[in-house]
Amino acid sequence: MGPLPRRRAPHPAHNRVGWAVMSGTSHPNPHSEVFPRTRFAGWPRRCVSGVGVACPAHGPDWLRRGAVLGLVLGLVLGLVLGLVAGCEGSVGAGGGVPATGPTSGTLGGTQRGRSDSNYPAEDGRPSGLDEPGSSAELPSGGDPVQPSAGAGDTEGTPAACSADDVRDSGPAPMRRLTRLEYRRTLQYLMQLPEPPDVGEVPAEAAHQGFTVHAELQTLSAQHLRAYLQVASDQADALLEDRARRERVVGCELEAADCLPAFVARFGRLVFRRPLSADERAQLVAAARDGAADGQDALRFALQAMLVSPSFLYRTELGDGSSASSVALTAYEVASRLAFAMLGRGPSAELLDLAEAGGLDTPDGLLAAAAGMAEASEFPEFYRSFFEQWLGFDRLVAPKEPPADWDDALLADMTAETAAVIGHYAWTGERFLDLLGTDRTVVTPALAAFYGLPMPGPQGVVMIPAGHPRAGTGLLTHASLISQKTDGDRIALRGNWLRRTFLCRNLEIPEAVAAEFGERLVGLTHTEIVRERNSDAACRGCHAAIDPIGVGFEGFDATGRFDPAFMVPDYGIAPALPDAPEPAFASVDQLAAKLRALPQVASCVTRRVFLFAHGREPAREDRCTLEAAEREFVASGHDFRALVQGLLTSPAFVARRPPEKGMEP
């Protein structure tokens with residue numbers, strides 16, 4: 001690793017303080033090797049222990065603050081990007097990782113059979129095309145995991161899980177806080193009533209709807225500028241709010257012991273572990289050096305901690321052993337649990353529990369998880385999971401709206417889906433009954449648009465028998481099946497259903513789409529559907545999704561059923577090819593067939609695993625997935641039981657570092 005970037009400071013003493021705080025050492029020479037290359041998940045030990053701040057500058061408050069932010073930007077940018085480029089292992093950013101992940105295209109022509117969530121390849125795929133699993137789509141660093149035995153897709157019977165298998169986990173890259181985690185953690189740390197606006201922080205790349213993939217995370221100068229600005233804004237707002245400042249700081253700023261006490265207490269929450277004595281001393285010294293008063297010193301200390309790599313990255317070094325799967329420390333377990341359950345860093349109480357050994361046993365971990373499951377933050381955070389999994393956070397107004405359309409219906413559609421999911425996820429109901437329920441929650445305007453009875457208290461409506469939506473549950477929610485792109489609606493809807501509930505996805509190769517597209521010029525939509533389901537290079541993939549999409553053809557681009565619509569003769573009949581008896585005559589029959597497939601519970605388990613761990617499951621995670629799925633089924637498909645089952649498995653408290661050569 002090369003020398004750290006050199007920055008000018010008003011006085012050599014400040015330069016020494018800055019480098020000491022950055023490196024966790026008192027060495028004054030910025031050209032020295034202060035960051036030994038201790039390989040562990042790509043982030044050297046010295047790197048993760050450093051506070052990651054620069055030195056203050058003399059002068060007026062505004063000048064000093066500008067100098068601090070400028071120095072921090074240069075030093076942190078050099079630190080983080082230098083580590084990404086020069087350190088071994090995987091930081092989960094850079095290293096050739098694209099800024100955006102693979103996308104599913106418009107699905108308007110021919111698709112390549114692609115197996116999402118590491119399912120085996122689709123049968124009947126076009127010859128000569130590769131059939132990658134998710135380990136090829138994303139640099140996840142693990143062999144594909146096979147579906148559980150209940151999914152019925154494996155060849156042969158998987159070996160029984162041994163005690164070592166149960167404790168093992170797939171390779172896990174280092175994770176930067178997602179924008180959602182960053183906002184929620186700041187809200188908790190700064191005791192804000194709502195998550196703060198961090199719109200300047202770039203959004204994560206989405207892959208098949210999910211923005212949690214650590215392998216696709218990048219770190220740019222725009223990220224760092226945004227983090228610095230947010231830190232500055234938060235510090236200023238806190239100092240201006242006396243009541244909130246007293247709660248967050250907990251002492252009089254001008255008192256001699258206030259700053260050291262604040263750094264120790266607040267720093268423990270920010271870094272999700274206690275600061276070392278050197279870290280505390282260096283940060284306090286850097287904050288006081290040149291400070292005009294206690295507020296100025298506090299502002300610097302707060303900004304410094306909120307731009308530190310120890311805050312922005314979820315570092316997991318484990319117990320320091322050289323085993324292939326290492327045990328996490330108690331603080332790391334607390335951090336992993338809090339982020340997976342609440343989407344933010346751990347509370348002081350959870351860190352206290354970890355320090356006292358309360359998370360060292362399965363019973364202790366289960367009790368802590370059960371307590372978090374009762375907090376209002378739990379369903380609030382998991383709303384993001386449902387939005388990403390189902391895709392109801394991406395609604396757009398129809399390009400050719402009907403006469404009674406109102407753009408306000410978009411918010412009503414989103415609220416309907418969120419409310420129905422909330423009922424089945426958090427009240428102990430059978431979660432998979434979402435696929436056939438007649439219970440919905442709508443506004444009067446949305447009820448009128450759908451042709452439903454006017455809602456009762458809390459907007460609840462029971463869809464009457466004979467209505468096109470009766471017995472269809474989520475499958476006919478307009479938030480899910482309305483037209484969201486210019487792509488072919490038949491293929492899009494069929495592929496969405498299989499990707500969402502069966503973890504199977506088909507994507508179009510650009511070269512094949514271009515070649516086949518030329519042959520479709522001048523054809524009607526009906527002729528195009530017929531052609532792609534008869535062409536030898538296309539029918540293998542389209543046979544898996546088009547029969548599903550055809551079954552939805554009575555529902556228009558707004559997701560509303562049109563009784564006057566006559567389904568064209570596409571030459572294919574409605575069917576769910578994955579079901580033992582594929583044919584269906586209506587969407588309620590499709591919902592019943594889908595709900596009966598064991599692959600659905602398996603897929604939901606995998607999706608929750610992805611959301612909680614920030615990576616696709618690997619082969620080493622098979623036993624964890626099987627155990628969680630069994631718990632999910634045995635509980636009557638209780639969603640809380642599924643989440644707790646994944647988060648209290650023996651593998652949850654261990655980590656397998658990415659192997660050399662597997663990093664992005």
When you check the gap from the basic side-chain N to the acidic O, do [X] and [Y] get nearer than 4.0 Å?
| X | Y | result |
| --- | --- | --- |
| Asp168 | Arg655 | no |
| Glu181 | Arg314 | yes |
| Glu616 | Arg606 | no |
| Glu316 | Arg336 | yes |

If we only count heavy atoms from C-beta on, is the [X] to [Y] side-chain gap below 4.5 Å?
| X | Y | value |
| --- | --- | --- |
| Thr329 | Leu317 | no |
| Glu252 | Cys258 | no |
| Glu380 | Arg184 | yes |
| Arg607 | Gln208 | yes |
| His637 | Phe632 | yes |
| Met341 | Leu337 | yes |
| Val249 | Phe266 | no |
| Pro173 | Gln217 | no |

Counting distance only, does the side-chain N/O of [X] pair as donor-acceptor with the main-chain N or O of [Y] below 3.5 Å?
| X | Y | answer |
| --- | --- | --- |
| His223 | Ser220 | yes |
| Arg176 | Ala214 | no |
| Arg280 | Ala264 | no |
| Thr605 | Ala601 | yes |
| Glu204 | Arg179 | yes |
| Glu254 | Gly294 | yes |
| Gln222 | Pro202 | no |
| Arg272 | Ser310 | yes |
| Gln295 | Leu239 | no |
| Thr648 | Gln644 | yes |

For [X] and [Y], work out which heavy atoms get closest and say how close.
| X | Y | answer |
| --- | --- | --- |
| Ala297 | Leu259 | CB-CD2, 3.9 Å |
| Ala235 | Arg299 | CB-CG, 3.9 Å |
| Pro196 | Gln234 | CB-NE2, 3.6 Å |
| Arg615 | Asp621 | NH1-OD2, 2.8 Å |
| Gly170 | Ala618 | CA-CB, 4.1 Å |
| Ala334 | Leu351 | CB-CD2, 4.3 Å |

Would you sort out whether Leu306 and Val230 count as a side-chain contact (heavy atoms from CB on, under 4.5 Å), showing the intermediate values?
CA-CA 9 Å; Leu306 292 182; Val230 171; over 6 Å; no
Side chains of [X] and [Y]: do they bring a donor and an acceptor to under 3.5 Å?
| X | Y | value |
| --- | --- | --- |
| Gln191 | Arg244 | no |
| Gln388 | Thr211 | yes |
| Glu631 | Ser635 | no |

Specify whether His213 and His207 have parallel, tilted or perpendicular ring planes, treating 30° as the upper limit for parallel and 60° as the lower limit for perpendicular.
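Because their plane-to-plane angle is over 60°, the rings of His213 and His207 count as perpendicular.
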Using the six-membered ring wherever Trp is involved, compare the ring planes of Phe652 and His613 and label them parallel, tilted or perpendicular (cut-offs 30° and 60°).
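Geometry flag for His613 against Phe652: perpendicular rings.
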Using the ring-ring contact (aromatic ring centres under 6.0 Å, His included) rule, pick out the option among Phe392, Phe611, Phe639 that qualifies with Phe386.
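When ring-ring contact (aromatic ring centres under 6.0 Å, His included) is applied between Phe386 and each of Phe392, Phe611, Phe639, only Phe639 qualifies.
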Between Tyr182 and Tyr227, does the ring centre distance come in under 6.0 Å?
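Here the rings of Tyr227 and Tyr182 have centres that are less than 6.0 Å from each other.
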CA sep, side-chain torsions, deciding dist, call: Trp389, Phe210, ring pair (Phe, Tyr, Trp, His ring centres under 6.0 Å):
CA-CA 7 Å; Trp389 173 48; Phe210 283 92; 8.4 Å; no
Start with the C-alpha distance between Glu416 and Ser479, add both sets of side-chain angles, then the distance that settles side-chain contact (heavy atoms from CB on, under 4.5 Å), and finish with yes or no.
CA-CA 8 Å; Glu416 176 194 16; Ser479 67; 5.9 Å; no
Could you walk me through whether Ser232 and Gln303 satisfy the side-chain contact (heavy atoms from CB on, under 4.5 Å) test, starting with their C-alpha distance in whole Å, then the side-chain angles of each, then the deciding distance to 0.1 Å, before giving a yes or no?
CA-CA 6 Å; Ser232 176; Gln303 291 175 351; 3.7 Å; yes
Show your reasoning for whether salt bridge (Lys or Arg N to Asp or Glu O under 4.0 Å) applies to Arg268 and Asp352.
CA-CA 11 Å; Arg268 181 175 181 247; Asp352 290 343; 2.9 Å; yes
If you round to the nearest 0.5 Å, how far is CZ of Phe339 from CG of Leu177?
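So the CG of Leu177 and the CZ of Phe339 are separated by 4.5 Å.
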Compute both the distance and the angle, then confirm whether Arg344 meets the cation-pi test with Tyr188: under 6.0 Å from the six-membered ring centre, within 45 degrees of the axis.
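That pair qualifies as a cation-pi contact.
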Walk me through whether Arg430 and Tyr424 qualify under side-chain contact (heavy atoms from CB on, under 4.5 Å).
CA-CA 6 Å; Arg430 295 177 61 88; Tyr424 283 92; 5.9 Å; no
